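Given the structure is predicted, the values throughout are model-derived calculations rather than measurements.
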Amino acid sequence: MSKHATPEKASTVTETTDSAAPAAVDPRLLVREQGLAGYLEEFKRKLRSGDLGSIPVVIGLILIATIFQAITGNFLTAGNLSNITLYIAGPGLISVGIVFVLLLGEIDLSLGSVAGVSAAVSAVLSIQHGVNEYLAAILAVLAALAIGALHGFFFAKIGVPAFVVTLAGLLAWSGLQGYVMGNTGTLNNIPNGFIANLDNYFFADVAAAYGLAAISVVGYLVAALLGARSRREAGLPAKPVSEIALRAVALAVLAFGAAYTLNQDRGLPLALVVFLGVVVVTDFVLRRTAYGRKVFAVGGGVEAARRAGINVARVRISVFMISAGLAAVGGLFIASQAGFADKQLGSGNVLMNSIAAAVIGGTSLFGGRGKTWSALLGMLVIQSIVTGLDLQGISQSIQYMITGAVLLAAVVLDSVSRRTQKSSGRG
């Protein structure tokens, strides 16, 4: 008998071996195939791999609201919740820009100063030189974009570390802010002007808030259904219609509940509309465009991105421009909330809160992972804590310590999650 298997026998052995080997199954398929048990298994898989998403933040928000409502008795009132939506707009817009920078695995320490100098430029042009307020605001944002391009150039082209470049910017633009303001310590906003109304205008008609809620739910449904259909046509795992419907119902409850609450006070704030609009647009840019994929690619690995044909320098410069431009818009909202522009606008804890919000919301400090919704969730956490402590009359020093502790906890969670993903082969 021959020692070597015949081709027929070899084929039979191969087929037997192949049939005996278990086929690799995408864990996400379990959701569709096993119903509720599949969802539970998917949750356990994410928990084991450290992919917690926004779950810790949402749980944290619920706990914060529950605790402060129990202590103060008026935390969940319409007036207080409406004020929170106003307070988060300015720093939140800065935080959206920081998300872009963090996705590269970098940091921008200048954004508080950029916000301050932008507000100063707009105020001086419109109030002291009679320039139209809209034009003055546009010129201020353009100046911020130029500042961002300068930072990006030194970082991407010259090779100066982003930390050093933006630290120098923090000092330089703060000095320019004082120079632009001159001997005038404070410039009050023009009454009922463009800047004054940014953080103080409300859509009083109840249809505005309910309309925005309806648009949000319908928009999610359309996007989710079209996305699921595209994935199925491409042979990829897709969310079942039942899950999309359940998510839509949850979003509807949240959106219409928020609309009802806001309508019990002054109506829908313009600041909230702008903030949400920026978050949605930037989220679309990051997740649905080629540019967004390039940002994630550069943050995931510079050399790999370069070998894939991505112009790394261009992406880096553009990201610093985006962050500076959003900081300028955030500075205008902060000036609107304060009622004036001065030499201190953008200083204090503005930058730290904006960075903390992005990290607390789930954007990784190590680059390559995050979303702009992190800015919204993180700012809600920070502002809810600050507002709750204010209602209790707690000093600002204690507030700083608590915010710092929350930030540290978020970074620790991010580090543990990253290590867990590496150990599970997903890092």
Enquirer: Would you find a donor on one side and an acceptor on the other, under 3.5 Å apart, between the side chain of Gln264 and the backbone of Ala78?
Expert: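 No, because the side chain of Gln264 does not come within donor-acceptor range (under 3.5 Å) of the backbone of Ala78.
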
Enquirer: Before giving the answer on side-chain hydrogen bond (donor to acceptor under 3.5 Å, both in side chains), spell out for Asp265 and Ser82 the whole-Å C-alpha distance, their side-chain angles and the decisive distance to 0.1 Å.
Expert: CA-CA 7 Å; Asp265 188 49; Ser82 180; 3.2 Å; yes

Enquirer: Is the closest side-chain heavy-atom distance between Phe100 and Phe320 below 4.5 Å?
Expert: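 In short, these two side chains do not touch, never coming nearer than 4.5 Å.
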
Enquirer: For Gln128 and Thr184, what are the C-alpha separation, side-chain angles and deciding distance, and is it a side-chain hydrogen bond (donor to acceptor under 3.5 Å, both in side chains)?
Expert: CA-CA 10 Å; Gln128 292 189 337; Thr184 304; 3.3 Å; yes

Enquirer: With rounding to the nearest 0.5 angstrom, report the CD1 to CG distance, Ile107 to Leu167.
Expert: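 Reported value, rounded in 0.5 Å steps: 11.5 Å.
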
Enquirer: I need the Asn188 CG to Ile127 CD1 distance, nearest 0.5 Å.
Expert: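 Output value for this atom pair is 7.0 Å.
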
Enquirer: Do Val274 and Phe333 have side chains that approach each other closer than 4.5 Å (heavy atoms only, starting at C-beta)?
Expert: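 When only atoms from C-beta onward are counted, Phe333 and Val274 do touch, with a gap below 4.5 Å.
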
Enquirer: Would you name the heavy atoms of Ala162 and Glu106 that are closest together and state the gap between them?
Expert: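 Taking every non-hydrogen atom into account, CB-OE1, 3.6 Å.
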
Enquirer: Would you mind reporting whether Thr85 and Leu81 have side-chain heavy atoms less than 4.5 Å apart?
Expert: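 No, their side chains stay 4.5 Å or more apart.
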
Enquirer: Does any non-hydrogen side-chain atom of Val302 lie less than 4.5 Å from one of Arg316?
Expert: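 Contact flag for Arg316/Val302 side chains = yes.
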
Enquirer: Classify the angle between the aromatic ring planes of Tyr134 and Phe194 as parallel (below 30°), tilted (30 to 60°) or perpendicular (above 60°).
Expert: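 Correct class here is tilted.
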
Enquirer: Indicate the atoms forming the closest heavy-atom contact of Ser323 with Gly97, along with that distance.
Expert: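 Ser323 and Gly97 have their closest heavy atoms at CB-O, 3.4 Å.
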
Enquirer: Can you list everything that forms a ring pair (Phe, Tyr, Trp, His ring centres under 6.0 Å) with Phe203? Sequence neighbours excluded, please.
Expert: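 For Phe203 the ring pair (Phe, Tyr, Trp, His ring centres under 6.0 Å) partners, ignoring immediate neighbours, are Tyr201.
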
Enquirer: Side chains of Val217 and Phe256: closer than 4.5 Å at any heavy-atom pair?
Expert: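 When only atoms from C-beta onward are counted, Phe256 and Val217 do touch, with a gap below 4.5 Å.
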
Enquirer: Are the side chains of Leu286 and Thr372 in touch, meaning some heavy atoms are under 4.5 Å apart?
Expert: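 Yes; the side chains approach each other to less than 4.5 Å.
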
Enquirer: May I ask you to test the Leu276-Leu376 pair for a side-chain heavy-atom distance under 4.5 Å?
Expert: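 Leu276 vs Leu376: side chains touch.
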
Enquirer: With no hydrogens and no angle check, is any side-chain donor or acceptor of Ser122 less than 3.5 Å from a backbone partner on Ala119?
Expert: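 Absent.
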
Enquirer: Which heavy-atom pair separates Asn263 from Asp205 by the least distance, and what is that distance?
Expert: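 Distance-wise, the nearest heavy atoms are OD1-O, 4.4 Å.
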
Enquirer: So which heavy atom on Ser113 is nearest to which on Gln177, and how close?
Expert: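 Reported closest heavy-atom pair: O-OE1, 4.2 Å.
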
Enquirer: Looking at CD of Gln69 and CG of Leu76, how far apart are the two atoms once the value is rounded to the nearest 0.5 Å?
Expert: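 Answer for the CD-CG pair, Gln69 versus Leu76, is 4.0 Å.
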
Enquirer: Kindly state each residue pair satisfying ring pair (Phe, Tyr, Trp, His ring centres under 6.0 Å) with at least one member in residues 66-88, sequence neighbours excluded.
Expert: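 Only Phe68-Phe75 qualify under ring pair (Phe, Tyr, Trp, His ring centres under 6.0 Å).
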
Enquirer: Answer yes or no: is there a side-chain heavy-atom contact under 4.5 Å between Leu86 and Gln337?
Expert: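 Heavy-atom side-chain distance check fails, nothing below 4.5 Å.
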
Enquirer: Minimum heavy-atom separation for Ala341 and Met181, please, with both atom names.
Expert: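 So the minimum-distance heavy-atom pair works out to O-CE, 3.4 Å.
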
Enquirer: To check you understand the geometry: which heavy-atom pair defines the closest contact between Ala375 and Ala357, and what is its length?
Expert: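 Shortest heavy-atom separation between Ala375 and Ala357 comes out as O-CB, 4.2 Å.
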
Enquirer: Hey, mind stepping through Ser374 and Thr363 against side-chain hydrogen bond (donor to acceptor under 3.5 Å, both in side chains) and telling me if it holds?
Expert: CA-CA 6 Å; Ser374 302; Thr363 297; 3.0 Å; yes

Enquirer: Which residue is it: Ile94, Thr166, Ile355? I am looking for the one with a side-chain contact (heavy atoms from CB on, under 4.5 Å) to Leu111.
Expert: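 Looking at Ile94, Thr166, Ile355, the match for Leu111 under the side-chain contact (heavy atoms from CB on, under 4.5 Å) is Ile94.
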
Enquirer: Please lay out, stage by stage, how Arg266 and Asn83 fare under the test side-chain hydrogen bond (donor to acceptor under 3.5 Å, both in side chains).
Expert: CA-CA 10 Å; Arg266 290 157 287 181; Asn83 286 336; 2.8 Å; yes

Enquirer: Hey, does the side chain of Asn74 reach the backbone of Thr77 with a donor-acceptor pair shorter than 3.5 angstrom?
Expert: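 Pair absent, no side-chain N/O of Asn74 close to backbone of Thr77.
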
Enquirer: Hey, what do you get for CD (Glu133) to CG (Asn197), rounding to the nearest 0.5 Å?
Expert: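 Spacing of CD (Glu133) from CG (Asn197) equals 8.5 Å.
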
